[in-house]
Amino acid sequence: MGRAGLAQVVHSLTDPRFGACFDNADWMDIAKPVVALGGDWPAALALAAMSSIWCPDIDDAVGQLHVQSGRDLGELPTLGFWSAVCGLVARSSRLRATRTTSSRNS
């Protein structure tokens, strides 16, 4: 996934209309793989580095991440929140199935 594709997923997950779907610990856990995949937006770095779910800056960082990732969408359309969630679940399931099949064939 390129940076624009990552931005597309992150932008949809940080849609403020669906913020109640994730709690503070979720955002901290989501930010770590985002950064590992090259999402070096300042807000993602801040979320990944937070050590406490009681940090009042989490909501602000999520809002900033929405704006920052939106700048990197390029020509890609924005995804709906649930489209991104379903896509991630499907991809995760496919990768798990592929990994299971690969380990059986080894």
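Only this structure's heavy atoms are used, side chains among them; waters, hydrogens and symmetry mates stay out.
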Practice prompt. Answer yes if V85 and L76 sit in the same cluster of Ile, Leu, Val, Met, Phe, Trp and Tyr residues linked by side chain heavy atoms under 4.5 Å apart, and no otherwise.
Written response: no
Practice prompt. Can you tell me which residue pairs pass the salt bridge (charged side-chain N to carboxylate O under 4.0 Å, His left out) test with a partner in residues 60-77, sequence neighbours excluded?
Written response: R3-D72
Discussion item. Give me the atom names and distance for the closest heavy-atom approach of L79 to S12.
Written reply: O-CB, 3.3 Å
Discussion item. Quick check: closest heavy atoms across A43 and A61, and the distance to 0.1 Å?
Written reply: CB-O, 3.3 Å
Worksheet, complete the sentence: The side chain to side chain contact (heavy atoms under 4.5 Å, CB included) partners of T78 (sequence neighbours excluded) come to H11, L73
Worksheet, complete the sentence: On a heavy-atom basis, the closest approach of G39 and A44 is O-CB, 3.5 Å
Item to complete: Mind checking side chain to side chain contact (heavy atoms under 4.5 Å, CB included) for C86 and listing every partner two or more places apart, or none if nothing turns up?
Response: none
Worksheet item: If two hydrophobic side chains count as joined below 4.5 Å and joins carry through other members, does L6 share a cluster with V67?
Response: no
Worksheet item: Are side-chain heavy atoms of Q64 and P42 found at a separation under 4.5 Å?
Response: no
Worksheet, complete the sentence: Residues joined to V35 in its hydrophobic cluster, side chain to side chain under 4.5 Å directly or through other members, sorted by chain and number, are L45
Discussion item. Suppose the criterion is side chain to side chain donor-acceptor pair (under 3.5 Å): which pairs have a residue in residues 13-25, not counting sequence neighbours?
Written reply: T14-H66, D15-R17
Fill in: Note, L47 side chain near V34 side chain (heavy atom, < 4.5 Å)
no
Discussion item. Side-chain heavy atoms nearer than 4.5 Å, only ILVMFWY residues, links allowed to pass through others: does that put L88 and I30 together?
Written reply: yes
Discussion item. Ignoring hydrogens, what is the shortest heavy-atom contact between A7 and S69? Give both atom names and the distance.
Written reply: CB-O, 3.3 Å
Worksheet item: Parallel, tilted or perpendicular: which fits the ring planes of F81 and F18, with parallel below 30° and perpendicular above 60°?
Response: parallel
Discussion item. Rounded at 0.5 Å granularity, tell me how far CG in L13 sits from CD in Q8.
Written reply: 11.0 Å
Discussion item. W27: which residues meet the ring pair (Phe, Tyr, Trp, His ring centres under 6.0 Å) condition with it, sequence neighbours left out?
Written reply: F22
